[in-house]
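No experiment lies behind these values; they were computed from the predicted model shown. Convention: sequence-line order gives letters A, B, ...; per-chain numbering from 1.
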2 protein chains.
Amino acid sequence: MSQMQSVEKQLRQMILGLEIGPGEKLTERWIESRFGASRTPVRAALLRLETEGLVGRDGRGWTVSPINLAELEQIAVYREAVEVAALRLTCTLADRSAVDVIEAMLDSCDTDTPREEWHRIGMDFHIELARLSGNEFLFRAVRDAMTRLSRARWLEVRDEAALARAWAEHRAILAAARLGDADQAARLLSAHIVGSRDRLVTSLANDRRGLRARGFAVIAA
Amino acid sequence: MSQMQSVEKQLRQMILGLEIGPGEKLTERWIESRFGASRTPVRAALLRLETEGLVGRDGRGWTVSPINLAELEQIAVYREAVEVAALRLTCTLADRSAVDVIEAMLDSCDTDTPREEWHRIGMDFHIELARLSGNEFLFRAVRDAMTRLSRARWLEVRDEAALARAWAEHRAILAAARLGDADQAARLLSAHIVGSRDRLVTSLANDRRGLRARGFAVIAA
DNA sequence: GATACCATCTTGGTATCCCAAAACGGTATC
DNA sequence: GATACCGTTTTGGGATACCAAGATGGTATC
């Protein structure tokens with residue numbers, strides 16, 4: 001039974017789903033018994049998750065990476081670089097009809113849609129948009145960045161208005177891309193990323209005390 | 001004895017130094033005996049090198065990643081995005097005196113300098129320049145991209161003139177950065193990356209037959 | 001001579017064992 | 001009561017054992 005991928009996937013889900021809190025200590029032995037696997041696949045999973053930035057070494061042991069506000073700000077700069085580059089590439093493509101598929105993703109969310117779905121699609125928008133560029137490296141960069149942001153975005157308190165605003169911005173970006181207006185698309189995407197970062201960092205900084213009370217390690221910017 | 005890092009480092013050196021050719025098959029057992037380690041550290045090393053793109057899975061086994069010309073072109077686009085972003089950041093810093101340290105790296109190469117040193121410093125220029133930005137993600141992106149390019153750049157036939165040209169371009173980039181002229185620095189860096197890519201891909205495409213004869217797998221663009 | 005088939009070997013994946021070092025806890029001393 | 005010291009336990013790193021699936025090679029058949 002190929003439990004390697006299974007352990008990795010399950011552990012990642014538990015970390016991203018905050019079932020294991022940021023900052024918590026992990027022992028290989030605990031993971032082993034928790035998933036009924038032996039230490040070899042557990043090791044492989046930890047090594048992979050380490051490169052994703054979800055776990056890190058804590059001396060000799062392992063720790064679920066804390067939420068790091070300074071890191072979130074750096075990621076925003078990184079995202080801006082790679083997402084804008086990908087979007088500009090996409091704008092130069094002859095066939096940009098694939099943006100409609102992404103628009104359909106946005107459309108699939110309405111008031112009945114559970115919060116997890118909004119969260120997932122909000123990330124997939126950026127990931128799939130990057131994939132359209134056809135550049136594997138830009139795509140992976142965006143995907144990995146979104147993975148790192150995932151927990152923080154989940155902890156963010158987002159009101160209905162903020163979500164509506166994000167969706168409107170997403171749609172505007174797609175509209176510019178559909179027209180092939182690279183400069184406009186890039187401007188909109190940059191503003192969207194910067195704005196999202198500001199709201200995210202502000203929200204987490206405000207909630208920091210409460211998050212710590214819930215046992216979540218949050219490192220200030 | 002912590003042989004894990006040792007195995008990883010030695011294996012990476014052998015791959016980057018082309019002692020193991022692109023496309024060659026690797027068995028965990030061979031690595032094990034070659035470095036006198038057991039399979040646990042070998043496995044860890046392979047998993048790490050896999051994320052660096054230096055080895056890949058070949059069905060059930062492992063293979064040293066071939067040189068992929070299409071990939072080299074994608075990396076150039078990726079590099080342009082992240083290196084330019086990092087350089088622009090650096091140009092906005094109040095204290096840009098650290099560029100002098102990088103200039104000193106360039107100065108340390110003269111006609112007596114062995115080829116390996118030129119090669120290493122040619123990469124370190126870009127890596128250290130990215131580090132100055134202070135953005136860990138941009139830095140890592142550049143470092144990883146240069147690692148992936150390393151073997152291809154080593155195989156490139158570069159004449160004296162090409163090296164001199166690259167060094168002149170490096171110096172011009174530093175000069176613009178020192179002045180804080182972000183637009184100019186970005187323009188120069190973009191041109192440098194694109195030019196390097198063209199020369200690299202052209203050189204490898206021309207030598208492809210010879211490289212294959214040496215047992216190096218080279219995948220066309 | 002070519003090909004299909006079978007025994008064998010090799011190999012990656014997994015489980016288990018061993019070890020040294022670090023973490024922990026209890027006790028004795030000040 | 002605080003602290004320094006020491007024995008015990010836990011833990012990650014490494015080594016080894018085992019297995020099933022795939023590769024290999026030789027043989028027998030046509």
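- Checking the phosphate oxygens (OP1, OP2) of D:dG14, no side-chain nitrogen or oxygen of B:T40 falls inside 4.0 Å.
- The side-chain heavy atoms of B:E116 and B:W154, taken from C-beta on, include a pair separated by under 4.5 Å.
- The shortest non-hydrogen separation linking B:C109 to B:I121 is SG-CD1, 3.5 Å.
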Shorter than 3.5 Å, N or O on both sides, protein versus nucleotides 8-12 of chain D: list them out with atom names.
| unit_1 | atom_1 | unit_2 | atom_2 | d |
| --- | --- | --- | --- | --- |
| D:dT11 | O2 | A:R60 | NH1 | 3.3 |
| D:dT11 | O2 | A:R60 | NH2 | 2.4 |
| D:dG12 | OP1 | A:L26 | O | 3.4 |
| D:dG12 | OP1 | A:E28 | N | 3.3 |
| D:dG12 | OP2 | A:E28 | N | 3.1 |
| D:dG12 | O3' | A:R60 | O | 3.3 |
| D:dG12 | N7 | A:R29 | NH1 | 2.3 |
| D:dG12 | N7 | A:R39 | NH2 | 3.3 |

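- Of all heavy-atom pairs between B:E19 and B:Q13, the closest is OE2-O, 4.3 Å.
- Rounded to whole Å, the distance from CD on A:E32 to C1' on C:dG13 is 15 Å.
- There is a side-chain donor-acceptor pair under 3.5 Å between A:D110 and A:T113.
- No hydrogens or angles considered: nothing links the side chains of B:S203 and B:E156 as a donor-acceptor pair under 3.5 Å.
- In this structure, D:dC30 and C:dG1 make a Watson-Crick or G-U wobble pair, each of the two defining distances being under 3.5 angstrom.
- The closest side-chain donor-acceptor pair between A:S97 and A:D95 falls under 3.5 angstrom.
- In this structure, CD of B:E8 is placed 16 Å from C1' of D:dG14, rounded to the nearest angstrom.
- Atom CZ in A:F35 sits roughly 14 Å away from atom P in C:dA15 (whole-Å rounding).
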